[in-house]
Amino acid sequence: MAKIQAPRGASDLYPPDSEVLAEVEATALRLFDRYGYRAIETPTFEHTEVFLRTYGETSEVVLDKEMYTFEDRRGRSLSLRPEGTAPVARAFVEHNLGSKLGLPVRLFYSGWFFRYERPQKARQRQFHQMGAECVGSAEPLVDAELIVLAHEFFEQLGLTPELQLNSMGCVADRQRYGAVLREALADKVDDMCDDCHLRVEKNPLRVFDCKVPGCKKILRGDIPPITEYLCEECRVHYRAVQDTLEVLGVAWKDEPTLVRGFDYYTRTVYEFQAPEIGARPTVCAGGRYDGLVEQLGGPTTPASGFAIGTTATIEALGTKRPVRGWHPDVYIVWLGDLGGVALAAATDLRRAGLRVTVSDEPKSMKAQLRAADKAGAIRAVIVGPDEVARRAATVRELGTGEQREVLLDRLVTELAP
Ligand SMILES: [Zn+2]
Ligand SMILES: [Zn+2]
């Protein structure tokens, strides 16, 4: 039989890597809580329409056929979620969360997402993201607060990714700029890839998503930046985001070619980039998406949010990753038929907050003590027939080999100060 392995692009996480993920996640969850973001869980798969309606046909996910789309037994088209914002907006509309929770609604998610891409460093087909979405406010302050939240997250982990900032303006600005861009690219489009031909024709701003080096080079050339084509309101909005970041002491770099891959983004867009992880260094991407809720059949509702790439963040941490590890405080060694007594003692100690491993079988005392050492236990509690006859157990300090006898009903008091 062929060896069974995890599918390409999907990896197993086991200790200590699974614990690193949990630690990084815990850092984000603590911050989400302090900033007033509450948990939302949406399904791992959605009706494909949720994504098609929101991303637009020229977005990278749709163009590159990155979605895992399949039919269920009744022929309905479903897709594994490639990102978290559209599902949150769908849930916001479906459950009328604005009136249930009060606007603006602040929500966070943490979970697994799926895109069919060529697996590479820090880019897997199944990947973990943690995101925050503030639905129901158009204020630049909300954008700045979200950026600060992400900034704090990276700072707490000891990372200093570069914040790149831009404004994509409103729909009218983008249309105006689209025409400018189409004209600016008119004599260059022949040197661009096939996808870019389609983009220039249908939605010129999407050319900034292109990963083809030749296209990227052209776009770095003499192309007017979108920020020169913002209307007065969008200009003021963008200025306010920048001013607030300045007050907060958060550094950023203006990046006029930063255009997020989905059609629903408006005004503020940003990425945090950690170049140490390679060619695709984004560890967090976000922005304002004032049109999304309406696209999903809800009322006109401005919104803003970001997603942190958990795996990319861990990659960026390198040797700074928080490894907590695991070892028992107490390892219980037992002999003969005293497994029940051992487990009862363990339960008491665990209730008192100690990490306890109970030997799974009554091997020789020597073998069990060796196992306790290997597990990294601090102490062993030996439950043997002579001690139990005296309603006691032997406590052995594994570092020094020092031993003492403790009454069973005194164990918690002695070992869990
Ligand atoms: Zn505008
Ligand atoms: Zn291209």
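One-based numbering, in listed order, for ligands and for the atoms of each.
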Quiz prompt | OD2 (D173) - the Zn ion (ligand 1) - SG (C234) angle, nearest 10° | solution =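 OD2 of D173 and SG of C234 make an angle of 90° at the Zn ion (ligand 1), to the nearest 10°.
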Exercise. Return yes when at least one N/O/S atom of E232 is nearer than 2.8 Å to the Zn ion (ligand 1), and no when none is.
Key: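 No.
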Quiz item: Is the distance from the Zn ion (ligand 1) to the nearest N/O/S atom of H237 under 2.8 Å?
Solution: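 Checking H237: none of its N, O or S atoms is under 2.8 Å.
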Practice problem: Report the relative orientation of the aromatic rings in F154 and F272; use parallel for angles under 30°, tilted for 30 to 60°, perpendicular for over 60°. | Solution: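 Because their plane-to-plane angle lies in the 30° to 60° range, the rings of F154 and F272 count as tilted.
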Quiz item: Any ion pair linking R176 and D173 (charged N to carboxylate O, less than 4.0 Å)?
Solution: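 A salt bridge links D173 with R176.
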Exercise. Compute the angle centred on the Zn ion (ligand 2) spanning SG of C215 and SG of C210, and express it rounded to 10 degrees.
Key: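 The two atoms form an angle at the metal of about 110°.
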Quiz prompt | Donor-acceptor contact present, side-chain N166 to main-chain Y270, <3.5 Å | solution =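 A pair under 3.5 Å: no.
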Quiz prompt | Polar contact flag, side-chain donor to acceptor under 3.5 angstrom, E255-T257 | solution =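 There is such a pair between these side chains.
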